[in-house]
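Notes follow the structure.
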Amino acid sequence: MEEMKIPKHIAFIMDGNGRWANKKHLPRSAGHREGVTSMRRVVEACHKKGVQVVSFYAFSTENWSRPQEEIDTLFGMLEKFAKSEIPKYAKRNFIIKCMGDLSALPQSVREALEENMKLCEGNSGMIVNLGINYGGRDEIVYAVKKLVDKGLEITKENISDNLYTNEIPDPDLMVRSSGEVRLSNFMLWQLSYAELMFVDTLWPDFDEKIIDDIIVEYNKRDRRFGRI
């Protein structure tokens, strides 16, 4: 039996927290809390399978248009994640990275992320990459501005080298939950040749079985990268 190919990098658009909460007649905050639990399950499942990098769309540049109460809830959860979860990952040799403009975050959230990510310095294990105040178009503009400031030629290679993700491989696979079929400004440059999967399951219901199914489906794909 042919051995399963494991994608090195899986990127997740975590969608459906609010709908999950509505179906259960719970506040949206309950959906977001369950979404964090689901993210933890997905990290563990991917680590068990041998995935080297997982990326999560945690807070987009467009999410600022949500009600302030919901934004405050999300940032509170993010700060708690930074203080309680990142140290646990650091002890397990994981690396936590962030892509996005952290300067716009509340000071306490930004400092919690920056301080706890330092605990991962020198680690060499699985990378957990969080998109926070992240937008794909903004990232490309950010990279081009860096090239201009450095006086470098604008080439595909130089743009890639100046993205937030310059130290990690592009995703082999992008998975979006909840049945929505769009990229929503997520990793536009990096997903050029990724396999795309749109799963009907709401994000809070993601578990190891769904990750198994995703990898089985990935192995059915023929990644030609433009070849015949």
Side-chain angles (χ1 to χ4, degrees), residues 1-17 19-20 34-60 89 92-100 123-132 134-136 139-140 156 159-160 163-228:
M1 184 175 178
E2 188 176 351
E3 187 176 354
M4 282 281 188
K5 300 190 298 289
I6 302 299
K8 290 182 180 179
H9 182 177
I10 306 179
F12 293 93
I13 298 179
M14 305 181 289
D15 198 10
N17 291 344
R19 274 166 283 171
W20 182 90
E34 193 60 35
V36 173
T37 300
S38 178
M39 189 182 85
R40 193 182 299 121
R41 288 196 299 266
V42 167
V43 169
E44 294 299 333
C46 289
H47 182 245
K48 185 186 294 187
K49 294 294 179 184
V51 178
Q52 298 174 19
V53 185
V54 284
S55 291
F56 298 98
Y57 208 3
F59 189 88
S60 77
Y89 286 141
R92 296 175 61 190
N93 198 35
F94 285 20
I95 301 167
I96 308 297
K97 290 183 175 292
C98 286
M99 57 180 184
N123 285 358
S124 58
M126 182 183 191
I127 297 172
V128 179
N129 178 46
L130 306 174
I132 301 172
Y134 173 83
E139 181 182 25
I140 294 169
K156 289 182 289 185
I159 289 175
S160 292
L163 295 171
Y164 293 124
T165 56
N166 64 82
E167 295 180 343
I168 61 179
D170 289 346
D172 302 295
L173 172 62
M174 189 287 299
V175 178
R176 180 167 187 157
S177 58
S178 87
E180 300 291 346
V181 186
R182 54 181 177 271
L183 294 180
S184 296
N185 200 21
F186 182 56
M187 301 187 84
L188 300 179
W189 184 275
Q190 298 91 331
L191 292 177
S192 294
Y193 288 101
E195 296 298 315
L196 308 180
M197 291 187 196
F198 300 95
V199 180
D200 289 336
T201 306
L202 300 175
W203 179 253
D205 292 325
F206 262 55
D207 56 17
E208 185 173 354
K209 171 64 166 56
I210 291 176
I211 299 304
D212 288 341
D213 293 344
I214 285 167
I215 291 176
V216 168
E217 174 61 27
Y218 175 77
N219 275 263
K220 296 177 183 177
R221 305 284 181 94
D222 181 13
R223 304 189 71 202
R224 294 190 294 273
F225 300 97
R227 300 186 301 270
I228 296 176

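Numbers here are sequence positions counted from 1. Because only heavy atoms are used, hydrogens play no part in the values below, and waters and symmetry mates are left out as well, while side chains stay in.
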Are the side chains of [X] and [Y] in touch, meaning some heavy atoms are under 4.5 Å apart?
{"X": "Met126", "Y": "Cys46", "result": "yes"}
{"X": "Ile168", "Y": "Asn129", "result": "yes"}
{"X": "Leu183", "Y": "Leu191", "result": "yes"}

Test of understanding: with side chain to side chain contact (heavy atoms under 4.5 Å, CB included), list the residues that count as partners of [X], not counting sequence neighbours.
{"X": "Ser177", "value": "Asp15, Trp203, Phe206"}
{"X": "Lys220", "value": "Val216, Glu217"}
{"X": "Val181", "value": "Phe198"}

Contacts of type side-chain hydrogen bond (donor to acceptor under 3.5 Å, both in side chains), residue [X], not counting sequence neighbours:
{"X": "Arg41", "result": "none"}
{"X": "Ser38", "result": "none"}
{"X": "Tyr218", "result": "Arg223"}
{"X": "Asn166", "result": "none"}

Worksheet entry | Ser124 and Asn93: side chain donor to acceptor below 3.5 Å | yes

Atom [atom1] in [X], atom [atom2] in [Y]: separation rounded to 0.5 Å?
{"X": "Met187", "Y": "Thr165", "atom1": "CE", "atom2": "OG1", "result": "5.0 Å"}
{"X": "Trp189", "Y": "Ile159", "atom1": "CH2", "atom2": "CD1", "result": "3.5 Å"}
{"X": "Phe12", "Y": "Ile214", "atom1": "CZ", "atom2": "CD1", "result": "5.5 Å"}
{"X": "Lys8", "Y": "Asp172", "atom1": "NZ", "atom2": "CG", "result": "7.5 Å"}
{"X": "Asn17", "Y": "Leu202", "atom1": "CG", "atom2": "CG", "result": "8.5 Å"}
{"X": "Ile140", "Y": "Asn185", "atom1": "CD1", "atom2": "CG", "result": "8.5 Å"}

Item to complete: Only counting residues at least two apart or in another chain, list the ones meeting ring pair (Phe, Tyr, Trp, His ring centres under 6.0 Å) with Phe94.
Response: His47, Tyr89

Taking salt bridge (charged side-chain N to carboxylate O under 4.0 Å, His left out) as the test, write out the residues that go with [X], two or more places apart.
{"X": "Arg40", "result": "Glu85"}
{"X": "Lys49", "result": "Asp212"}
{"X": "Asp213", "result": "Lys209"}
{"X": "Glu167", "result": "Lys97"}

Discussion item. Evaluate Arg221 against Lys5 for side chain to side chain contact (heavy atoms under 4.5 Å, CB included), listing each step before the verdict.
Written reply: CA-CA 10 Å; Arg221 305 284 181 94; Lys5 300 190 298 289; over 6 Å; no

Where do [X] and [Y] come nearest, in terms of heavy atoms and distance?
{"X": "Gly50", "Y": "Ile6", "answer": "C-CG2, 4.0 Å"}
{"X": "Pro171", "Y": "His9", "answer": "N-ND1, 3.4 Å"}
{"X": "Ile132", "Y": "Cys98", "answer": "CD1-SG, 3.7 Å"}
{"X": "Pro169", "Y": "Val53", "answer": "CD-CG2, 4.1 Å"}
{"X": "Asp205", "Y": "Ile210", "answer": "O-CD1, 3.6 Å"}

Item to complete: Could you go through the side chain to side chain contact (heavy atoms under 4.5 Å, CB included) check for Val42 and Phe56 one step at a time?
Response: CA-CA 10 Å; Val42 167; Phe56 298 98; 4.0 Å; yes

Practice prompt. Assess whether side chain to side chain contact (heavy atoms under 4.5 Å, CB included) is satisfied between Val199 and Arg176, documenting all intermediate values.
Written response: CA-CA 6 Å; Val199 180; Arg176 180 167 187 157; over 6 Å; no

Discussion item. Before you tell me yes or no, could you show the steps for Glu44 and Glu208 under side chain to side chain contact (heavy atoms under 4.5 Å, CB included), namely the whole-Å CA-CA distance, both residues' side-chain angles and the distance that decides it to 0.1 Å?
Written reply: CA-CA 8 Å; Glu44 294 299 333; Glu208 185 173 354; over 6 Å; no

Worksheet item: Angle class for the Tyr134/Tyr57 ring planes (parallel below 30°, perpendicular above 60°, tilted otherwise)?
Response: perpendicular

